[in-house]
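Here's the structure, in structure tokens; my notes come after.
Here is how names work: the chains are called A, B, and so on, in the same order as the sequence lines, proteins then strands, and each is numbered from 1.
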Amino acid sequence: MATFKEFRNSVKPNWCPGCGDFSVQASIQRAAANVGLEPDDLAVISGIGCSGRISGYIKSYGFHGIHGRVLPIAQGVKMANRDMTVIASGGDGDGFAIGMGHTVHAIRRNIDVTYIVMDNQIYGLTKGQTSPRSAEGFKTKSTPEGSVESAIGIMELALTAGATFVAQSFSSDLKELTSIIQKGIEHKGFSLINVFSPCVTYNKVNTYDWFKEHLTSLDTIEGYDSSNRMQAMQTLMEHDGLVKGIIYQNTQKQSYQDLAHGYSKDALAHADLNMDEQKFNDLVAEFM
Amino acid sequence: MIDQLSWKVGGQQGEGIDSTGEIFAMALNRLGYYLYSYRHFSSRIKGGHTNNKIRVSTKQTRSISDDLDILVAFDQETIDVNIHEMRDGGVVIGDAKFNPAVPEGSKVRLFSVPFTEIANELGTSLMKNMVAIGATSAVLDLPAEAYIEVVEEIFLRKGAKVVEKNMEAIRKGAAYFTDAAGGPLEGFQLNKADGQKRMFMIGNDAIALGFVAGGVRFMSAYPITPASEIMEYLIKKLPQFGGTVIQTEDEIAAATMAIGANYAGVRTVTSSAGPGLSLMMESIGLAGMTETPLVIVDTQRGGPSTGLPTKQEQSDLMAMIYGTHGEIPKVVMAPSTAEEAFYDAVEALNIAEEYQCPVILLTDLQLSLGKQSVEPLDFKKVEIRRGALDLNAELPEVEGGYFKRYELTESGVSPRVIPGMKNGIHHVTGVEHDETGKPSEVASNRLKQMDKRLRKLKNLKFNTPVVKYTPNEEAELLLVGFNSTRGVIEEVIPRLEAEGIKVNHAHLRLIHPFPLKEMKELVDAGKKVVVIENNATGQLANILKMNLGSHEKIESILKYDGNPFLPSEVFNKCKELV
Ligand SMILES: Cc1ncc(C[n+]2csc(CCOP(=O)(O)OP(=O)(O)O)c2C)c(N)n1
Ligand code: SF4
Ligand SMILES: [Mg+2]
């Protein structure tokens, strides 16, 4: 069985020292080992942004796509080969601005992909513009007088879109993050894991300390039941979305692959592509 | 006795006009006639004039005709809109219900037949189209029995009674017409057909069938006219092969999901029209850069923007050749008949995998939706070639643990592996990268990888890049086209020849990379080159000039009002140009 070290490669990440994304990388590597994967069982698909570079830093199959399209690519991989474990990952701009349409639809489609967002409330790669996760009043290069748009409550939105696994975590908490990713991988269906992953270079407000101060762990809420969607929504609203832990999980709903009519139980990638002549003639006869 | 006849049925959209034409055509198809049908429809579901023009012939034809022999009208608008197409002595059959009238001085013969009334007597006005079919058959002197097979196929699941009622409607329509006209009309009887069994299908069906036969197991697409039939066919058929279709949230998702699935080893396609292709441009670049096979069908329709969404045009050509920023290897194929569309759909899948690049399978609305007779397809010609992909390869362990997915090779094509294969781990990125897929901005690496990608198509093997008709070593006219204009050009050639004009014809089946050698020979052998295309700027003519020079002898015949060329339009302009 592979250890987390076998998910490491020799590429040195070009992230700034202290960037939250390092821990996300390490957590994915540990979670993959913990669930018993081999590197060639795993495909890490990533978007464009500082965070998007992650697919190149993990020893596994990796696909670094185009900005905002990580989810359709990841869903395509999973549909082609349901035996692969597919992790999609990217930034908050990638997933909640340019790729928001795909995010909502991937949630409701419920294909078995684990989506990990490195949410730093800013655009890192393009050097510090506002993101849909930036708070109102947040000053950036593109909002010098402070943003006048409200931030997306992404966890709340996921719940209303029909998500079957919604979780949030924090880069500083490697152990919890690893365990959540592990559970996300094991979840049968789409899992959304939003990770507060501070950008130490461009976001001077939402820092490690800021999150430590503002985040409430769901473990500390007595009687919290992650199968209760209503409670999940209420808790999110009470804490302005600043909670961490598994917020909601629905283990009853089947994944898209299990529900799709006629869809093969075996990996399509290994299907025999040749058609027999009788079958062909039958298809032809339908047009005569 | 005649060899071909042009028939049209018209009325309000949603009134069963399509099925009237369909039943008429299917019956004649069973008798072995060649058929070609083209629907006029608009972007609404109910209401609005619609018509279906059907050509019946003892020979293959893939063009609408100039004039019309028989018009079946369910409303006065149908007569008003189409009367100009009627030949002298042609027949208009209108439903007595609306008191059909033709303009004064018109040389057509008008018959008023109570379609609705007869249908009502039989129990439901829905059968008025069967009455109309019956009346038509009386003109042609076709027995009602010619329809029994088709009627049974459509209505037998509703019970034998329904079949009998519909047949009764046909017989009554025929009897009424025969009474009114005093027998079948002279000059409307077709020579006997060869009785051969042929498929009768739209281009989109042919493509979809080609995809299924060619090993497609997954499709991601977003609905749009005139492409949706491809998706609808695969939705029906792929589950029989363990595959499936996802209707995505948009065309960007459609294209990128297809990229993901192709990367992971499944033959996956998407199809759309101009607006969708515009959205896919960045994805096409990703497929080019990551060397991921990807087949996209572009069923051209009237542009720009939403343009004329239900009308014929061929104006996406330049966008398909050049579309996406940066420079990538890309193949653009353009079948011109349903038969070619079938084989090209299979071949597009092979080329995409062999050359590891995007392939655009270009059609136009007339080819995609026009229904035509197709000679028996040759199953033996369907082959699946996956190029440098060996799913069962036992890969050796590699140094550094990364497989050289982008290895520099002489052909430019690198070995391909798919996720899940042992020792095949590599990285894929739209960022410039080295042989293992690691991002790299090193100038020398950039040149090597760029050249490698572009080198792949230098040796593209393509069967019949140009469909040729070259009876003349030196021709006064070389007619050039792509996609559906093949039909009209082939119709016009014998007429020009009858006038003593020497004509050659070249129809590009491969648009890009441009078939330079073949086209140069043909253009050199022509005094005048006439490029016939459905767009306003002469895009194919410009491609010819760009590749071949010869500016002085290249002329254009253009039409971009949304309608296909009529043979007379092409014929007259050709004569002017000689
Ligand atoms: C279509 C397109 N538009 C814009 C860009 C430029 N761009 C690259 S990354 C990015 C945003 C990055 O922000 P985020 O997704 O939050 O990732 P981070 O860098 O913060 O990890 C933008 C706008 C692009 N690559 N592609
Ligand atoms: S700019 Fe911010 S997000 Fe990007 S690597 Fe540096 S710290 Fe991380
Ligand atoms: Mg960000």
Side-chain angles (χ1 to χ4, degrees), chain A residues 9-11 38-43 45 48 53 55-56 59-81 83-84 101-102 104-105 109 111 256 260-271 273-275 277 279-281 283-285 287-288, chain B residues 29 197-201 205 209 212-213 215 217-218 220 237-244 246 248-250 252-253 256-268 282-283 286 374 377 379 382 384 391 400-402 418-431 437-439:
Chain A
N9 62 21
S10 59
V11 183
E38 295 294 328
D40 41 47
D41 297 333
L42 174 66
I45 318 300
I48 299 291
R53 287 297 182 118
S55 60
K59 175 83 184 294
S60 72
Y61 280 92
F63 195 117
H64 179 225
I66 44 179
H67 192 32
R69 316 303 166 197
V70 59
L71 284 174
I73 297 172
Q75 292 169 90
V77 173
K78 186 69 188 185
M79 289 306 289
N81 190 339
D83 296 343
M84 292 295 292
H102 307 309
V104 172
H105 291 281
R109 196 171 284 132
I111 292 176
Y256 186 96
H261 160 71
Y263 177 63
S264 173
K265 297 269 174 280
D266 302 316
L268 275 186
H270 296 287
L273 302 188
N274 293 293
M275 186 185 288
E277 188 158 6
K279 181 75 203 169
F280 180 74
N281 292 339
L283 292 176
V284 163
F287 294 102
M288 303 233 241
Chain B
N29 176 57
K197 269 202 150 187
R198 289 185 192 90
M199 303 168 84
F200 180 47
M201 69 200 314
D205 289 335
L209 180 63
V212 175
R217 291 296 176 267
F218 183 49
S220 42
K237 300 299 176 194
L238 283 188
Q240 298 175 15
F241 301 90
T244 194
I246 289 185
T248 53
E249 53 274 21
D250 59 34
I252 300 178
T256 46
M257 199 179 284
I259 288 172
N262 274 297
Y263 153 70
V266 172
R267 289 196 153 186
T268 304
E282 192 189 10
S283 317
L286 177 68
V374 178
L377 297 170
F379 179 70
V382 176
I384 290 171
L391 289 174
Y402 270 74
I418 61 168
M421 285 173 72
K422 211 163 168 43
N423 296 324
I425 284 180
H426 61 277
H427 191 237
V428 174
T429 173
V431 174
K438 190 177 149 196

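- Interatomic distance, CE of B/Met257 versus NE2 of A/His102, reported as 9.0 Å (0.5 Å rounding).
- Taking all atoms of both residues into account, the shortest heavy-atom contact from A/His261 to B/Thr244 is O-OG1, 4.5 Å.
- Rounding to the nearest 0.5 Å places CG of B/Leu209 at 6.0 Å from CG of A/Leu283.
- Residue A/Ser10: no heavy atom, backbone or side chain, is found under 4.5 Å from chain B.
- Scanning all heavy atoms of the two residues, the minimum distance from A/Pro72 to B/Thr256 falls at CB-OG1, 3.2 Å.
- Here CD of B/Glu249 is found 8.5 Å from CG of A/Leu71. Values are rounded to the nearest 0.5 Å.
- Between chain B and the options A/Gly68, A/Ser60, A/Ala271, A/Ala74, the largest number of non-hydrogen pairs under 4.5 Å is found for A/Ser60.
- Only the backbone of B/Arg198 comes within contact range of chain A, with at least one heavy atom under 4.5 Å from a heavy atom of that chain.
- Taking B/Leu391, B/Ile259, B/Ile252 one by one and counting their heavy-atom pairs under 4.5 Å with chain A, the maximum is reached by B/Ile252.
- Taking each heavy atom of B/Gly215 and A/Leu273 in turn, the nearest pair found is O-CD2, 3.5 Å.
- Distance check, rounded to the nearest 0.5 Å: CG of A/Asp40 to CD1 of B/Ile418 gives 12.0 Å.
- The line from NZ of B/Lys197 to CE of A/Met288 is 5.5 Å long, rounded to the nearest 0.5 Å.
- Among B/Phe200, B/Phe218, B/Tyr263, the residue making the largest number of heavy-atom pairs under 4.5 Å with chain A is B/Tyr263.
- Residues A/Phe287 and B/Asn29 form no side-chain contact, since every pair of their non-hydrogen atoms from C-beta on lies 4.5 Å or further apart.
- Proximity to chain B (any heavy atom under 4.5 Å) is restricted, for A/Val11, to the side chain, taken from C-beta onward.
- The shortest distance between side-chain heavy atoms of A/Arg53 and B/Pro439 falls below 4.5 Å.
- The most heavy-atom pairs under 4.5 Å with chain A, out of B/Gly401, B/Gly400, B/Ala261, come from B/Ala261.
- Both the backbone and the side chain of B/Val212 come within contact range of chain A, judged by heavy atoms closer than 4.5 Å.
- Listed by chain and residue number, A/Tyr61 satisfy the ring-ring contact (aromatic ring centres under 6.0 Å, His included) test with B/His426 (two or more places apart in sequence, or in another chain).
- Chosen from B/Ala253, B/Gly430, B/Gly265, the residue pairing most often with chain A at heavy-atom distances under 4.5 Å is B/Ala253.
- The two residues B/Thr248 and A/Arg109 make their nearest non-hydrogen contact at CA-NH2, 3.7 Å.
- By the neighbour-count criterion of 12 heavy atoms within 6.0 Å, atom NZ of B/Lys237 is densely surrounded, having more than that number from other residues, nucleotides or ligands.
- Here B/Ile246 contributes atom CD1 and A/Ile111 contributes atom CD1; the two are 3.5 Å apart, rounded to the nearest 0.5 Å.
- The heavy-atom pair separating A/Gly56 from B/His427 by the smallest distance is N-NE2, 3.4 Å.
- For the options A/Asn274, A/Asn81, A/Asp83, heavy-atom pairs under 4.5 Å to chain B are most numerous at A/Asn274.
- Contact count versus chain B (heavy atoms, under 4.5 Å) is highest, among A/Gln75, A/Met79, A/Lys265, for A/Met79.
- Of all the heavy atoms in A/Met275 and B/Ala213, the pair that sits closest is CE-CA, 3.5 Å.
- Proximity to chain A involves both the backbone and the side chain of B/Ser283, based on heavy atoms less than 4.5 angstrom apart.
- Shown here are the ring-ring contact (aromatic ring centres under 6.0 Å, His included) partners of A/Phe280, two or more places apart in sequence or in another chain: B/Phe342, B/Phe379.
- Comparing B/Gly420, B/Gly424, B/Ala264 by how many heavy-atom pairs each has under 4.5 Å with chain A, the most go to B/Gly420.
- Residues B/Ile425 and A/Pro39 meet the side-chain proximity criterion, which asks for heavy atoms closer than 4.5 Å.
- In this structure, chain B has a heavy atom under 4.5 Å from the side chain of A/Lys279, while its backbone stays farther away.
- In this structure, the portion of B/Asn423 lying under 4.5 Å from any heavy atom of chain A is its backbone and not its side chain.
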